[in-house]
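Structure record follows, encoded as structure tokens.
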Protein chains: 4
Amino acid sequence: MAGGRPRESRVDHALTAATRELLAETGYAKLTVDAVAARAGVGKAAIYRRFATKQELVFSAVVHGVSVEVPPDAGSLEADLLAVLRDIVTSLSGPALTAIPGLLADVSVDPGRFEEIFIAGEQACLRAVLGRAVSRGELPEVPDVDVVHALLLGPVFVWLFLLRREEPPVELWASFVASSLRLPGNSGPSVGSA
Amino acid sequence: MAGGRPRESRVDHALTAATRELLAETGYAKLTVDAVAARAGVGKAAIYRRFATKQELVFSAVVHGVSVEVPPDAGSLEADLLAVLRDIVTSLSGPALTAIPGLLADVSVDPGRFEEIFIAGEQACLRAVLGRAVSRGELPEVPDVDVVHALLLGPVFVWLFLLRREEPPVELWASFVASSLRLPGNSGPSVGSA
Amino acid sequence: MAGGRPRESRVDHALTAATRELLAETGYAKLTVDAVAARAGVGKAAIYRRFATKQELVFSAVVHGVSVEVPPDAGSLEADLLAVLRDIVTSLSGPALTAIPGLLADVSVDPGRFEEIFIAGEQACLRAVLGRAVSRGELPEVPDVDVVHALLLGPVFVWLFLLRREEPPVELWASFVASSLRLPGNSGPSVGSA
Amino acid sequence: MAGGRPRESRVDHALTAATRELLAETGYAKLTVDAVAARAGVGKAAIYRRFATKQELVFSAVVHGVSVEVPPDAGSLEADLLAVLRDIVTSLSGPALTAIPGLLADVSVDPGRFEEIFIAGEQACLRAVLGRAVSRGELPEVPDVDVVHALLLGPVFVWLFLLRREEPPVELWASFVASSLRLPGNSGPSVGSA
DNA sequence: ATCTAACCGAGACGGTACGTCCTGTCTTTTC
DNA sequence: GAAAAGACAGGACGTACCGTCTCGGTTAGAT
């Protein structure tokens, strides 16, 4: 009823590392489970003991260590939003840059899991930042977080994955969003958050 | 030198229809070329005579009839932006909703083609709309189109493909973007358009 | 409802040849379907389009060209039996020598098919030979073919596959069987052939 | 230097029983070591501490209790041969019936071990029986034991494993072999026993 | 009225990856 | 130190899909 040999963390680390390397070298589409196993010096069974599909493996490797920290108070709504935007850019860079389109495409990856990692954390940060703005008196009340979040994350997404360009103009967007939020009539809760 | 049997338009229509049906039924990831051929009552060769890859087939079926019309003058920047946003939402609905994440993922799809259809047309509309705002005196000069485009398209993208929710709050975003663009200091060209 | 590309006989021949080569080089146990495909310059799908399992592939390669000819009248029962025995030895030599134990073990190979090739043909020859002996007056009546067949095939089987020795003493066994059959009381049909 | 926990005989018995059950239920080809361990309520290590390979495990379970006793003098060569034949049939029945083809196929099983149990013992019995016939005056000299042994074992083998029929006609074969051995010229040593 | 070239459905082809399974070994904790 | 439990590396299996190719046959426009 008890024990058995515990899983080796060596394997977990090797898998994460190998997946990220191959993601960088060959891209998501050409990444194969056999190649990951070979690179990690691991049997395929050890992979499928941990992840049900290739997508879960990649997902796990990509989200490993994505920050969910609320950025420190930067003094103003605009500066705070800029910090959130920079975090978003960071979380979409590195291995994620290569993997996310593929993960988004493969239905097999649990949308809930995806949302939880890439959306919920960011929304929590955003909520904190907007709360600070209310405390400061910059905003009369906390606007709908989903709407604002999409307004921040969306442009970065398009810039990186559709236009495939680097260095999204986050300062500009932070300024846009901050200024429009401060205008009267734009801040009230307006759609029902699901 | 000429001659040969002409292609049957029946085949083209059957392919578009079959592809859209299967996209709706099984999603992009589980769509197979054999299934499309079978559903369309067509040989695989007839498909590959028209499209070099599966991605082109899907792309063609999805973009078929996407509007690239500049919306009529609605009287104000905000109303014009709203019209552009609605066009964007329309172009991302229907079969495209299922197919776009997959197309985005498959590197094999020519990024240029994709950009041409889904980006360039929208940017042209946007440019016209922004030009009208300058004529009206709502804006001092035409802002960077890439930046504004990402600001419009991005939130819709996130809403539909990441949050997988329906009916994006386009009125809100149109209002946000219009008001922030009208603020002094936000409208100048600020990053080099590639 | 008709047509489609016909199967290439080149593939069939290449598969038979490759299977036999690998059987000789590595033995049945280490023979892999991938290796056969690679050696034959053939995709695995082409194999599994023809054979449901690895066993059927090997079986087909091994039985290819097994003779089922009734040997010419050699003048006496003993000489005829010797000829049948030599045919048996021949049919169990070559690739079959390596493959038969494995085929026998793998339940997946249809016992009926196996019997049909390796048993029925030999029994038909034997029946003819025994009939000739009756015509000659060497035997009063045709004995039970199953029983005599087992008496001929069995020792060869044991010699080759259990003792793993070469050159079974077929002359001796032919002589034994012929002389015992000729004795009164040994030739009548005694068990029900299934 | 000695000491430690002694091996539990419970494990040995459970292994033999589980192996035989699974042999009967699923056959040799589908028998897995994990299944044996699970059925026996035993860890795999306990198996591999006792047997080097799966084949040895099965072999051990199958040969457990195979008699190697020289049958008592039945009064005549034919009756003695019949007794030997019956012993052969017994040793090939039960779990062995399912396992032997598989054991024969897996080269990994030591041919020496196999020979020792299934061949040498029977040949010793046969040698004794033939010696008794010489003493009785039924035979002028002891014939080549390998040859006669193949003549006895072979037909049973074919009947059980190739034809997959039950109740081999041992009386018939005993009579055949006894009568042919008694004929002049058939009894001399004729091939070199390896 | 041919001839010819490109089309058509059907389906086999080489190749590649998938996810499952099994073997024999190793590593825990428990007795 | 043996036991049960179960993770480990390695590697074969049979399935599925892609994009190409080969059949026999059809359908235009050019001769």
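Just so we're on the same page: letters track the sequence lines, and every chain starts at 1. Every value quoted in this text rests on a predicted model; they were computed, and no experiment measured them.
Counting only heavy atoms from C-beta on, A:R7 has its side chain closest to F:dA7 among F:dA7, E:dC8, F:dT20. Among the nucleotides F:dC8, F:dC17, F:dC18, the one closest to any side-chain atom of A:R49 is F:dC8. With E:dG9, E:dA17, F:dA9 as the candidates, the nucleotide lying closest to the side chain of B:V11 is E:dG9.
Regarding contacts with the backbone of F:dC8, a side-chain N or O of A:R50 is found under 4.0 angstrom from either OP1 or OP2. Taking 4.0 angstrom as the limit, D:R10 places a side-chain polar atom (N or O) nearer than this to OP1 or OP2 of F:dA4.
Per the geometry, NZ belonging to D:K30 stands 15 Å off C1' belonging to E:dT20, to the nearest Å. When the P atom of F:dA3 is taken as reference, atom NZ of D:K44 falls 16 Å away, rounded to whole Å. In this structure, OH of D:Y48 is placed 14 Å from C1' of F:dC8, rounded to the nearest angstrom. Between the CZ atom of A:R5 and the P atom of E:dC26 there is a distance of 9 Å, given to the nearest Å. At whole-Å resolution of the value, CG in A:D34 and C1' in F:dA12 are 12 Å apart. The CG atom of B:L31 sits 15 Å away from the C1' atom of F:dG19 (whole-angstrom rounding). Rounded to an integer number of Å, the gap from CD1 of C:I47 to P of E:dA12 is 15 Å. Rounded to whole Å, atom C1' of E:dT25 lies 17 Å from atom NZ of D:K54.
At distances below 3.5 Å, at least one donor-acceptor pair connects side-chain atoms of D:T19 with backbone N or O atoms of D:L15. Within the 3.5 Å criterion, the main-chain N or O of B:S60 finds no donor-acceptor partner in the side chain of B:H64. A:R39 contributes no side-chain N or O that, together with a main-chain N or O of A:D34, makes up a donor-acceptor pair within less than 3.5 Å.
Side chains of B:L92 and B:F161 form a contact here, defined as non-hydrogen atoms less than 4.5 Å apart.
Each of C:S9 and A:T32 was matched to the nucleotide of DNA chain E holding its nearest heavy atom; the match closer to the 5' end belongs to C:S9. Take the nearest nucleotide of DNA chain F for D:A37 and for C:P6: the residue whose nucleotide is more 5' is D:A37. Both A:A40 and C:V33 lie close to DNA chain F; mapped to their nearest nucleotides by heavy-atom distance, the more 5′-ward contact belongs to A:A40.
For the pair B:K54 and B:Y48, the cation-pi test (distance below 6.0 Å, angle within 45°) is failed.
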Check against salt bridge (charged side-chain N to carboxylate O under 4.0 Å, His left out), C:D12 and C:R7: CA-CA 9 Å; C:D12 296 84; C:R7 296 198 178 162; over 6 Å; no
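Of the residues in residues 12-19 of chain A, not one places a heavy atom less than 4.0 Å from an atom of DNA chain E.
Just one residue in the list B:L23, B:V42, B:L31, B:T16 forms a side chain to side chain contact (heavy atoms under 4.5 Å, CB included) with B:V36, and that residue is B:L31.
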